[in-house]
*Asks:* 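Supplied in structure tokens, the structure appears directly below.
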Amino acid sequence: MPAQPLSVLLLCENEKAGNLDRRALREAGIANVQLMTSGIEAAKLLARPDLAGARYPDIVIALRQLADMDCEQFCAIARQHPGLAGLPILLILASEGEAEEMRALGCQASSLLGRPYSINTLKKHLVPLVRQVPGQRRLRPEIAGMDAEAFEEALATYGVLLRPEKKPEDYFRAGMKSLAEQRWDIAIAAFEQAMRDPETKAEAELGLAAAFKGRGDMQRFRTWLGEASESFVSTRRWNRARSAYARLLQHDPSAKNPFLSYAHKLIRQQEYKAAADALVQSLNLMPKMKAGERYARVCMAAEDPEKMFAALEQSLEEEGDHEFMAGDIRQSMAVMEKQRRERQRQMAEERKWQLAQALARRKRAEETPELAPETPELRQETVIRAWNEEEPEEGGELLAPLGEQEAASELFAKKPRLNEFLSVIKLTWKLAGKSKTARSA
């Protein structure tokens with residue numbers, strides 16, 4: 001230690017907040033501890049060694065929050081003065097994780113210490129700072145001779161001196177640095193901040209995947225690799241997207257194809273050409289025999305399958321893989337259309353059978369009411385029949401069942417409950433009107 005006793009300036013939000021650290025400094029062997037709460041006033045004191053005299057500190061220790069700024073902002077202000085560039089400054093932060101993050105982002109402090117800390121840990125952080133004290137003391141006459149007025153004028157509008165707000169790309173660079181140093185948790189925290197900007201989102205997701213893999217969490221590694229693939233696809237950075245998805249397939253062969261998902265999204269917006277381009281970009285990432293079937297399914301999901309197929313055919317032709325793929329897709333579409341029509345026919349048959357069963361139950365209930373079980377369906381049929389008999393509509397029953405031709409039609413095959421739904425709405429309105437009339441009477 002220097003022959004002259006050390007003097008430490010402790011900066012904190014209020015006196016109570018600094019009591020614990022002042023006591024720790026005294027236990028570490030530093031008796032001369034001065035406490036201040038204003039970063040501006042502390043900077044003014046440091047800029048005038050000649051006026052501070054014996055009060056001038058050898059080392060500054062700042063807690064996370066001061067009365068008028070935070071500790072990192074104080075560092076940025078102090079370093080603006082040319083005579084304070086080498087001033088030993090120790091920041092005491094809320095946790096070691098926060099200290100690690102600030103190190104990764106590049107802080108202008110001499111040393112960073114996270115809570116909780118022991119006296120021995122505090123001493124270890126103070127040792128390199130104490131070594132700087134003799135040189136800093138020799139600079140005091142030069143600092144005193146510098147024009148401090150300009151510095152103090154700048155302090156009056158100290159906002160211009162504060163560090164710029166950290167940008168997502170700053171966090172991304174810090175994350176990459178932490179990855180190289182294998183500090184996985186700090187990298188994860190930095191990449192999470194970098195994701196706020198769409199420009200760095202996909203790269204940050206790749207970084208998160210790498211960090212979780214480094215930490216041994218393979219499930220999250222696969223999750224973030226999939227997220228990165230989707231982000232690259234949505235921004236149409238096809239090469240990066242293919243690379244990320246191919247890497248994902250190595251670890252999860254059943255992973256969702258982001259190109260297909262994106263194409264479906266574009267189809268819903270009827271952007272068929274863009275959807276076709278997205279599909280073609282994934283052509284080399286799947287077996288061609290499967291590609292034809294998958295692309296056919298995407299086409300069939302479009303409101304206009306033929307228009308979607310035409311766009312896809314054009315994109316395939318531009319890629320030079322037109323004849324085989326287009327024919328395979330067309331064949332698969334024909335098979336799927338045949339299957340669709342068969343499902344419609346089966347649904348219509350099933351609906352006809354259900355109606356026949358309902359009519360048979362009604363007939364049995366009419367012929368032998370004492371033997372018919374009371375079921376919700378029967379009660380509904382009874383109410384509907386009673387209402388039809390009481391107030392028949394012009395042209396037929398209010399709730400006449402579907403005829404055989406109607407049941408087999410394409411409309412009711414696709415919407416088997418549509419007739420009942422509309423009938424119930426109509427009946428409800430009539431019952432409501434009847435109830436209102438009864439109340440009025």
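What you see is a predicted model; the values in this text were computed from it and never measured.
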*Asks:* Taking I61 as the fixed residue, which of L25, L11, L129, I30 is the one that meets the side-chain contact (heavy atoms from CB on, under 4.5 Å) rule?
*Replies:* L25
*Asks:* Would you mind checking if K201 and E205 are paired as a salt bridge, meaning a charged N to carboxylate O distance below 4.0 Å?
*Replies:* yes
*Asks:* Return the set of residues passing ring-ring contact (aromatic ring centres under 6.0 Å, His included) with Y262 (not counting sequence neighbours), or none when no residue passes.
*Replies:* none
*Asks:* So, does Y245 use its side chain to make a donor-acceptor pair with the main chain of P258 at under 3.5 Å?
*Replies:* no
*Asks:* Is T235 reaching over with its side chain to a backbone N or O of S231, donor-acceptor style, under 3.5 angstrom?
*Replies:* yes
*Asks:* Does the side chain of T200 come under 3.5 Å of the side chain of E169 through a donor N or O and an acceptor N or O?
*Replies:* no
*Asks:* Please list, one pair per line, the donor and acceptor atoms closer than 3.5 Å that link side chains of residues 187-198 to other protein atoms, with sequence neighbours excluded.
*Replies:*
from: R196; atom 1: NE; to: Q193; atom 2: O; distance (Å): 3.0
from: D197; atom 1: OD1; to: E199; atom 2: N; distance (Å): 3.0

*Asks:* Which residue pairs satisfy the ring-ring contact (aromatic ring centres under 6.0 Å, His included) criterion with at least one member in residues 99-123, sequence neighbours excluded?
*Replies:* none
*Asks:* Ignoring hydrogens and geometry, is there a side-chain-to-backbone donor-acceptor pair from Q65 to M69 under 3.5 Å?
*Replies:* yes
*Asks:* Is the number of heavy atoms from other residues, nucleotides or ligands under 6.0 Å of E342 CD greater than 12?
*Replies:* yes
*Asks:* Once ring-ring contact (aromatic ring centres under 6.0 Å, His included) is applied, do any residues pair with H125, and if so which ones, sequence neighbours excluded?
*Replies:* none
*Asks:* Between M102 and L93, is there a side-chain heavy-atom distance shorter than 4.5 Å?
*Replies:* yes
*Asks:* Using 0.5 Å steps for rounding, measure from the CD atom of E271 to the CG atom of D277.
*Replies:* 11.0 Å
*Asks:* Evaluate the side-chain proximity of V60 to L46: yes if any heavy-atom separation is below 4.5 Å, no if none is.
*Replies:* yes
*Asks:* Could you work out, with salt bridge (Lys or Arg N to Asp or Glu O under 4.0 Å) as the rule, every residue matching K44, not counting sequence neighbours?
*Replies:* E41
*Asks:* For D58, which residues count as a salt bridge (Lys or Arg N to Asp or Glu O under 4.0 Å) partner, sequence neighbours excluded?
*Replies:* R137, R140
*Asks:* Do you know the tightest heavy-atom contact between A202 and A228?
*Replies:* O-CB, 3.8 Å
*Asks:* Is there a side-chain contact between Q136 and I143, using heavy atoms and a 4.5 Å cut-off?
*Replies:* yes
*Asks:* Determine which pairs satisfy salt bridge (charged side-chain N to carboxylate O under 4.0 Å, His left out) with at least one residue from residues 251-264, sequence neighbours left out, and list them in order.
*Replies:* E230-K256
*Asks:* If you measure from CG on N32 to OG on S7, what distance do you get to the nearest 0.5 Å?
*Replies:* 4.0 Å
*Asks:* What's the spacing between E349 CD and Q354 CD if we round to 0.5 Å?
*Replies:* 12.0 Å
*Asks:* Might you point out which heavy atoms bring A17 and L63 nearest each other, and give the distance in Å?
*Replies:* O-CD1, 3.6 Å
*Asks:* Between R242 and F259, is a side-chain contact (heavy atoms from CB on, under 4.5 Å) present by the stated rule, with each step listed?
*Replies:* CA-CA 9 Å; R242 283 193 295 269; F259 295 90; 3.7 Å; yes
*Asks:* If you look only at pairs with a residue in residues 109-129, which of them pass as a salt bridge (charged side-chain N to carboxylate O under 4.0 Å, His left out), with sequence neighbours excluded?
*Replies:* D21-R115
*Asks:* Does the pair D170/R173 count as a salt bridge with the N-to-O cut at 4.0 Å?
*Replies:* yes
*Asks:* Under 3.5 Å, is there a donor-acceptor pair between the S118 and T121 side chains?
*Replies:* yes
*Asks:* Quick one: closest heavy-atom pair of L9 and A42, and the distance?
*Replies:* CD2-CB, 4.1 Å
*Asks:* Sequence neighbours excluded, which residues qualify as salt bridge (Lys or Arg N to Asp or Glu O under 4.0 Å) partners of R237?
*Replies:* E203
*Asks:* In Å, rounded to the nearest 0.5 Å, how long is the span from CG of L84 to SG of C75?
*Replies:* 11.0 Å
*Asks:* Nearest 0.5 Å, what's the CG-CG distance between L6 and L126?
*Replies:* 8.5 Å
*Asks:* Taking all non-hydrogen atoms of both residues into account, name the closest pair between I77 and A43 and its distance.
*Replies:* CG2-CB, 3.9 Å
*Asks:* Kindly determine whether F212 and T223 satisfy side-chain contact (heavy atoms from CB on, under 4.5 Å), including the steps that lead there.
*Replies:* CA-CA 10 Å; F212 278 113; T223 297; over 6 Å; no
*Asks:* Is the side chain of S110 donor-acceptor paired with the backbone N or O of I89 at a distance under 3.5 Å, no angle test?
*Replies:* yes
*Asks:* By salt bridge (Lys or Arg N to Asp or Glu O under 4.0 Å), which residues pair with R183, not counting sequence neighbours?
*Replies:* E100, E181
*Asks:* Return the set of residues passing side chain to side chain donor-acceptor pair (under 3.5 Å) with Q132 (not counting sequence neighbours), or none when no residue passes.
*Replies:* none
*Asks:* Does F232 reach the side chain of W238, with side-chain heavy atoms less than 4.5 Å apart?
*Replies:* no
*Asks:* Under a 4.5 Å cut-off applied to non-hydrogen side-chain atoms, are F74 and L66 in contact?
*Replies:* yes
*Asks:* Answer yes or no: is there a donor N or O on one side and an acceptor on the other, between the side chain of R79 and the main chain of L87, under 3.5 Å?
*Replies:* yes
*Asks:* What distance do I92 atom CD1 and S111 atom OG have between them, rounded to the nearest 0.5 Å?
*Replies:* 9.5 Å
*Asks:* Is there any salt bridge (charged side-chain N to carboxylate O under 4.0 Å, His left out) pair reaching into residues 208-223, and which pairs are they, with sequence neighbours excluded?
*Replies:* D185-R215, D217-R220
*Asks:* Can you check whether Q346's main-chain N or O pairs, donor with acceptor, with E350's side chain at less than 3.5 Å?
*Replies:* no
*Asks:* Would you indicate whether the side-chain heavy atoms of E337 and R341 approach each other to under 4.5 Å?
*Replies:* yes
*Asks:* Please check if any side-chain donor atom of T37 sits under 3.5 Å from a side-chain acceptor atom of N14, or the reverse.
*Replies:* no
*Asks:* For residues Q108 and E72, determine if any side-chain heavy atom of one lies less than 4.5 Å from a side-chain heavy atom of the other.
*Replies:* no
*Asks:* What are the two closest heavy atoms between L225 and A209, and how far apart are they?
*Replies:* N-CB, 3.8 Å
*Asks:* With heavy-atom distances below 4.5 Å as the criterion, would you say the side chains of V8 and R22 are in contact?
*Replies:* no
*Asks:* What's the shortest heavy-atom distance between G18 and L35, and which atoms?
*Replies:* CA-CD1, 4.2 Å
